[in-house]
A.B. asks: 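Got a structure here, written out as structure tokens. Questions coming.
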Amino acid sequence: MSNYFPHTESDIASMLERIKIDSLDALYSDLPESILLKDDYNIPHSLSEHEIREHMSDLGKKNKILTIFAGAGAYDHYTPSAIKYLIDRSEFKTAYTPYQPEISQGTLRYIFEFQSMICSLTGMECANASMYDEATAAAESMMMSCALSKKTNKILVSATIHPYTRKVIDTYAKTRNIYVETIAEKDGVTDRKDMEKKLNNCDVAGVILSTPNIYGIIEDFSGFADLIHAKKALLTICADPSTLAVLKTPAEWGADMACGECQSLGMPLSYGGPYAGYLACKKELIRKLPGRIVGATTDMEGKRAFVLTLQAREQHIRRGKATSNICSNQSLMALHATIYLSLMGNDGLQQVNELSHSGAKYLHNQLIDTGKFSPLFDQPFLKEFALKSTLDLDKVEKNMLENGIMCGIRLDKLKPEHKNSLLISVTEKRTKTQIDKFVELIKQS
């Protein structure tokens, strides 16, 4: 194996002498003999370019390509082909943290554009350079609320947010001694009366809501912000950015912060990642916003230039006073989202939602007409809906997979109280032929 190391024999001898051992084998002297590998490494012989392409093609054939009707935070939206060719450029794929921003103008430029587009979608005044995903963005908004509160570390979270997001919030809260309480749900949406009761019971730093929620329901938050602000608390709304082309923005609901998952902006499903989260806020909260913020300025010659701003919050400066010590972002995926939004524009994004909604409504009604499904809730939805069934869903899922369809997500895996229910999503990629095949297979069940 030493053939693969760049060190010469004299290099190795010098290092061994420095740490006062006689051989490389001595490095493993504390390990039991039974777990040490005695045989040669099982490394295949080298292949030619043609042979390796054939090998990878054969491996790819083992995958089963499915028609996706599953969602719950990761949606099968169309990815314009131009995106792949642009983000595959080496200057993007190999770019890292712009520690010397004066020579990272390209990277700073697209981060600035990403921030600007997120602000445009959410109605917020500031956004950071992206987060890992919705869950970490929501957790960071919780910490912002507590950092800005002078009297409490209690957070209220709606029961209708994504359960995985809630788990990450709880993990962050545990290490920060933040108390998280659940706002009950009623008929698939946040129970306003329960929220009001909990706000009146004690001081609260912030409230986290979601729309569309885990059931795909478009929640109505009319008057929520007034109730929350009257108690000196901050409101965060988790929102799918793709839907904000047609739905009310977090700012229009009166939110102080907005967060969400950017996967819906044309990112391939890719077995769950990598994706990117966003976090935006009102201008007066910007000094507590974690991570990087890129700003625009002019250089000594009066030309437009981009800089990292407000770095005092990051972990390498004033660490003890930072709201969060996070300083990484999903930069390549933020670029993906930026290119997608640039290509789609307002009209394209609206069309995506119109096609998704019409397909979802059609499938929803067709499934109910079979008599084998009924609505779990009577609430408005955009591209995702929950139905309960009289069928054996284990058998339905198996039959669908055999016919090349991922029919949705079993809701009881996310919300155990909803037995024999299915969460189904329809995007602009789903054709009438695919939807009709879904319904026909259900009729045969």
Side-chain angles (χ1 to χ4, degrees), residues 61-77 158-167 182 184-189 210 212-219 240 263-264 269-272 356-445:
K61 290 173 184 176
K62 293 183 179 182
N63 291 327
K64 187 170 185 180
I65 307 302
L66 301 174
T67 302
I68 308 294
F69 286 90
Y75 303 96
D76 189 25
H77 284 292
S158 173
T160 64
I161 74 164
H162 199 297
Y164 294 169
T165 298
R166 174 58 190 268
K167 286 183 178 181
T182 302
E185 63 178 83
K186 184 178 181 181
D187 300 325
V189 297
S210 178
N213 66 25
I214 184 57
Y215 305 113
I217 294 169
I218 303 167
E219 294 212 27
D240 174 348
Q263 184 278 332
S264 63
L269 291 169
S270 304
Y271 299 95
S356 298
H357 177 67
S358 62
K361 197 72 176 175
Y362 176 69
L363 177 56
H364 175 273
N365 293 341
Q366 289 292 307
L367 288 175
I368 290 173
D369 287 345
T370 65
K372 299 176 181 181
F373 285 89
S374 59
L376 189 61
F377 303 108
D378 184 18
Q379 300 283 3
F381 61 87
L382 182 58
K383 62 182 176 185
E384 192 167 26
F385 54 89
L387 299 177
K388 52 187 175 182
S389 180
T390 58
L391 298 170
D392 183 336
L393 291 183
D394 288 333
K395 292 182 179 178
V396 169
E397 284 183 312
K398 183 179 178 182
N399 182 44
M400 287 284 190
L401 287 172
E402 289 173 352
N403 285 275
I405 293 176
M406 181 178 282
C407 61
I409 291 178
R410 291 286 294 274
L411 195 52
D412 56 5
K413 293 181 179 179
L414 298 171
K415 306 280 282 187
E417 64 269 28
H418 297 301
K419 303 296 183 184
N420 222 55
S421 297
L422 201 59
L423 188 62
I424 302 169
S425 172
V426 181
T427 69
E428 79 282 7
K429 286 178 65 175
R430 300 287 74 85
T431 65
K432 185 176 183 296
T433 300
Q434 291 171 335
I435 295 173
D436 287 341
K437 180 181 177 181
F438 186 120
V439 176
E440 189 59 36
L441 288 169
I442 290 296
K443 288 178 180 179
Q444 296 170 9
S445 299

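Since this is a predicted model, take the numbers as computed values, not measurements.
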A.B. asks: Can you measure from OG1 (Thr433) to CD (Glu440) and round to the nearest 0.5 angstrom?
C.D. replies: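 Those atoms lie 12.5 Å apart.
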A.B. asks: Would you mind reporting whether Cys407 and Glu397 have side-chain heavy atoms less than 4.5 Å apart?
C.D. replies: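 Yes, close enough: below the 4.5 Å cut-off.
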A.B. asks: Would the distance check show the side chain of Asn420 and the main-chain N or O of Asp392 forming a donor-acceptor pair, the cut-off being under 3.5 Å?
C.D. replies: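 Checking the backbone N and O of Asp392 against the side chain of Asn420, no donor-acceptor pair under 3.5 Å is found.
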A.B. asks: Are the side chains of Ile424 and Glu384 in contact, using a 4.5 Å heavy-atom criterion?
C.D. replies: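 They are not in contact (no side-chain heavy atoms under 4.5 Å apart), so the answer is no.
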A.B. asks: Take Lys443 and Val439 through the test side-chain contact (heavy atoms from CB on, under 4.5 Å) and record every step on the way to the result.
C.D. replies: CA-CA 6 Å; Lys443 288 178 180 179; Val439 176; 3.8 Å; yes
A.B. asks: Once side-chain hydrogen bond (donor to acceptor under 3.5 Å, both in side chains) is applied, do any residues pair with Gln379, and if so which ones, sequence neighbours excluded?
C.D. replies: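 Not a single residue meets the side-chain hydrogen bond (donor to acceptor under 3.5 Å, both in side chains) criterion with Gln379.
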A.B. asks: Would a 4.5 Å heavy-atom cut-off, applied to side chains only, mark Glu185 and Tyr215 as touching?
C.D. replies: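 Touching, per the 4.5 Å side-chain cut-off.
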A.B. asks: Would Asp394 and Arg410 count as a side-chain contact (heavy atoms from CB on, under 4.5 Å) here? Give the steps.
C.D. replies: CA-CA 9 Å; Asp394 288 333; Arg410 291 286 294 274; 2.7 Å; yes
A.B. asks: Would you say CG of Asp378 has more than 12 non-hydrogen atoms from neighbouring residues, nucleotides or ligands within 6.0 angstrom?
C.D. replies: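 Open.
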A.B. asks: Check whether any side-chain heavy atom of Arg430 lies under 4.5 Å from a side-chain heavy atom of Tyr362, and answer yes or no.
C.D. replies: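 No - every pair of side-chain heavy atoms lies 4.5 Å or more apart.
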A.B. asks: Minimum heavy-atom separation for Leu422 and Gly408, please, with both atom names.
C.D. replies: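 Scanning both residues completely, I find the closest heavy atoms to be CD1-C, 4.2 Å.
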A.B. asks: Please test Phe385 against Leu376 for side-chain contact (heavy atoms from CB on, under 4.5 Å), starting from the C-alpha separation and ending with a verdict.
C.D. replies: CA-CA 9 Å; Phe385 54 89; Leu376 189 61; over 6 Å; no
A.B. asks: Between Thr370 (side chain only) and Ile368 (backbone N and O only), is there a donor and an acceptor less than 3.5 Å apart?
C.D. replies: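 It does not hold such a pair.
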A.B. asks: Strictly distance-based, threshold 3.5 Å: is any side-chain N or O of Gln263 a donor or acceptor partner for the main-chain N or O of Tyr75?
C.D. replies: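 Side chain of Gln263 to backbone of Tyr75: a pair is present.
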A.B. asks: Which pair of non-hydrogen atoms, one from Leu393 and one from Ser421, has the smallest distance, and what is that distance?
C.D. replies: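 Taking every non-hydrogen atom into account, CD1-N, 3.7 Å.
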A.B. asks: Atom NZ of residue position Lys64 - does it have more than 12 heavy atoms of other residues, nucleotides or ligands inside 6.0 Å?
C.D. replies: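 Check passes, neighbour count above 12.
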A.B. asks: Asn403: which residues meet the side-chain hydrogen bond (donor to acceptor under 3.5 Å, both in side chains) condition with it, sequence neighbours left out?
C.D. replies: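 Asn403: side-chain hydrogen bond (donor to acceptor under 3.5 Å, both in side chains) contacts with Asn399.
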A.B. asks: How about Val396 and Ser389: do any of their side-chain heavy atoms sit closer than 4.5 Å?
C.D. replies: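 The answer is no; the side chains never approach within 4.5 Å.
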A.B. asks: Are the side chain of Lys388 and the backbone N or O of His418 linked by a donor-acceptor pair below 3.5 Å?
C.D. replies: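 Not confirmed, Lys388 side chain does not pair with His418 backbone.
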A.B. asks: Just verifying a value: how many Å separate Leu423 CG and Ile214 CD1, rounded to the nearest 0.5 Å?
C.D. replies: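 Here the interatomic distance stands at 6.0 Å.
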A.B. asks: Which atom names give the shortest non-hydrogen contact between Thr390 and Gly371, and what distance separates them?
C.D. replies: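 Heavy atoms of Thr390 and Gly371 come nearest at OG1-O, 4.4 Å.
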A.B. asks: Take the angle between the ring planes of Phe381 and His364 and call it parallel below 30°, perpendicular above 60°, tilted in between.
C.D. replies: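 Rings of Phe381 and His364: tilted, 30 to 60°.
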A.B. asks: Closest heavy-atom contact between Ser264 and Lys383?
C.D. replies: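 Nearest heavy atoms, Ser264 then Lys383: CB-NZ, 4.1 Å.
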A.B. asks: Are Thr182 and Arg166 packed together at the side-chain level, in the sense that at least one heavy-atom pair is separated by less than 4.5 angstrom?
C.D. replies: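 A side-chain contact under 4.5 Å exists here.
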A.B. asks: Nearest 0.5 angstrom please: Glu417 CD to Leu414 CG, how far?
C.D. replies: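 So the gap between those two atoms works out to 10.0 Å.
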A.B. asks: Please tell me if the side chains of Glu428 and His77 come closer than 4.5 Å, counting only heavy atoms from C-beta onward.
C.D. replies: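 When only atoms from C-beta onward are counted, His77 and Glu428 do touch, with a gap below 4.5 Å.
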A.B. asks: Measuring from Lys437:NZ to Lys432:NZ, what's the distance to the nearest 0.5 Å?
C.D. replies: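 If we round to the nearest 0.5 Å, Lys437:NZ and Lys432:NZ are 15.0 Å apart.
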A.B. asks: Please check this pair: side chain of Lys415 against backbone of Ala159, looking for a donor-acceptor N/O pair closer than 3.5 Å.
C.D. replies: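 Checking the backbone N and O of Ala159 against the side chain of Lys415, a donor-acceptor pair under 3.5 Å is found.
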A.B. asks: Could you tell me which residues satisfy side-chain hydrogen bond (donor to acceptor under 3.5 Å, both in side chains) with Glu219, sequence neighbours excluded, listed by chain and number?
C.D. replies: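 side-chain hydrogen bond (donor to acceptor under 3.5 Å, both in side chains) check on Glu219 returns Thr160, Thr190, Asn213.
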A.B. asks: Kindly give the heavy-atom pair with the smallest separation between Met406 and Ala70, and that separation in Å.
C.D. replies: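 Heavy-atom minimum between the residues: SD-CB, 3.7 Å.
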A.B. asks: Pick one: which of Asp436, Leu387, Ile442, Ile435 meets side-chain contact (heavy atoms from CB on, under 4.5 Å) with Leu363?
C.D. replies: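 So, applying the side-chain contact (heavy atoms from CB on, under 4.5 Å) to Leu363 and each of Asp436, Leu387, Ile442, Ile435, only Ile435 qualifies.
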A.B. asks: Looking at His162 and Ala72, would you say the former's side chain and the latter's main chain have a donor-acceptor pair under 3.5 Å?
C.D. replies: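 Flag set: sc His162 to bb Ala72 pair under 3.5 Å.
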A.B. asks: To the nearest 0.5 Å, what is the distance between CD1 (Ile217) and CG (Leu382)?
C.D. replies: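 Rounded to the nearest 0.5 Å, the CD1-CG separation comes out at 12.5 Å.
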A.B. asks: Mind checking whether Phe438 and Thr67 have side chains closer than 4.5 Å, heavy atoms only?
C.D. replies: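 Answer no - side chains too far apart.
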